[in-house]
Amino acid sequence: MNRLPWFTHDHNARNDDFIQRAEDRFGHFGYAAYFKILELIHEHGIGDLLLITKARLARELRTRWPQVRQYLDFCSTSDKLQFDLSPTEVRLKIKKFRERQSKLKSNLPSTFRQPSVNLPLE
């Protein structure tokens, strides 16, 4: 389990260009899937990486694998995440995860101490 205390969800995420394009193409699934993937990485990943079976990812996203694959391709070409496939598993990596976490850390008040996180080196 990740030791990160939180991940952010911007109050205006619905206005993000990627999110709007995802919704145009996939409907509400396009919005929900991205944030569900972030939650899965946060809960079960190591740093910015998550290894998950194709079947479980489809279950978590409440759809079937062909739609998940289309969505992952869309996210990849939109430069939002990287993924590798094996016959049964998916390895997901959020591209700006480390940059975002580093930015959060630097914006914290000096009186608040965030637990340290050991992320794997690239």
Side-chain angles (χ1 to χ4, degrees):
M1 177 175 2
N2 264 333
R3 296 184 186 278
L4 299 172
W6 66 78
F7 73 89
T8 64
H9 180 106
D10 295 333
H11 69 280
N12 61 348
R14 71 188 182 287
N15 296 324
D16 180 78
D17 179 62
F18 164 75
I19 295 295
Q20 289 181 348
R21 287 183 296 111
E23 283 188 300
D24 288 346
R25 182 160 176 193
F26 296 96
H28 293 305
F29 175 83
Y31 179 92
Y34 185 69
F35 291 102
K36 284 184 175 191
I37 289 170
L38 288 178
E39 290 173 8
L40 287 166
I41 290 173
H42 179 77
E43 289 177 343
H44 305 291
I46 298 174
D48 56 353
L49 299 172
L50 174 67
L51 187 61
I52 188 170
T53 66
K54 291 177 180 178
R56 176 153 183 216
L57 183 57
R59 271 193 318 273
E60 292 282 351
L61 298 180
R62 306 285 196 270
T63 192
R64 296 199 168 132
W65 173 250
Q67 185 177 29
V68 173
R69 177 59 197 263
Q70 287 178 355
Y71 187 74
L72 293 178
D73 286 335
F74 173 80
C75 290
S76 179
T77 59
S78 297
D79 210 30
K80 280 294 187 179
L81 63 80
Q82 297 172 325
F83 70 97
D84 295 305
L85 299 175
S86 75
T88 60
E89 293 183 317
V90 182
R91 182 176 183 229
L92 296 169
K93 180 177 180 179
I94 297 293
K95 296 183 80 170
K96 293 190 177 186
F97 182 90
R98 289 174 196 238
E99 176 187 318
R100 181 78 178 214
Q101 290 298 321
S102 183
K103 190 176 178 183
L104 280 173
K105 244 181 165 177
S106 67
N107 289 336
L108 290 174
S110 60
T111 57
F112 183 84
R113 295 199 36 91
Q114 182 178 13
S116 67
V117 177
N118 293 324
L119 298 175
L121 298 175
E122 289 187 34

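Not measured: the values here are computed from a predicted model.
- Remark: side-chain polar atoms of Thr77 are paired, donor with acceptor, to backbone N or O of Asp73 under 3.5 angstrom.
- One distance of note links CG of Leu92 with CG of Leu50; it measures 5.5 Å at 0.5 Å rounding.
- Hydrophobic clustering, with ILVMFWY side chains joined whenever heavy atoms are under 4.5 angstrom apart, keeps Leu51 apart from Ile94.
- A 4.5 Å side-chain heavy-atom check between Gln67 and Leu61 finds every atom pair outside the cut-off.
- Of the possible polar contacts, none joining the Tyr71 side chain to the Ala22 backbone as a donor-acceptor pair under 3.5 Å is found.
- For the atom pair Arg21 CZ and Asp17 CG, the distance stands at 4.5 Å (nearest 0.5 Å).
- Atom-to-atom distance recorded for Glu60:CD and Glu39:CD is 9.5 Å, nearest 0.5 angstrom.
- Annotation: side chain of Thr53 is not in contact with side chain of Thr88 (no heavy-atom distance under 4.5 Å).
- With contacts defined as side-chain heavy-atom distances shorter than 4.5 Å, the pair Glu23/His28 qualifies.
- The NZ atom of Lys93 sits 10.5 Å away from the CD1 atom of Ile41 when rounded to the nearest 0.5 Å.
- Note: Phe35 CZ to Ile19 CD1 = 4.5 Å, rounded to the nearest 0.5 Å.
- Remark: side-chain polar atoms of Lys80 are not paired, donor with acceptor, to backbone N or O of Leu72 under 3.5 angstrom.
- The distance from atom CZ of Phe29 to atom NZ of Lys36, rounded to the nearest 0.5 Å, is 8.5 Å.
- With a 4.5 Å cut-off on side-chain heavy atoms, Val90 and Val68 do not count as touching.
- The two residues Gln20 and Arg14 make their nearest non-hydrogen contact at CG-O, 3.3 Å.
- Residues Leu57 and Leu40 have side chains in contact (heavy-atom distance under 4.5 Å, counting atoms from C-beta outward).
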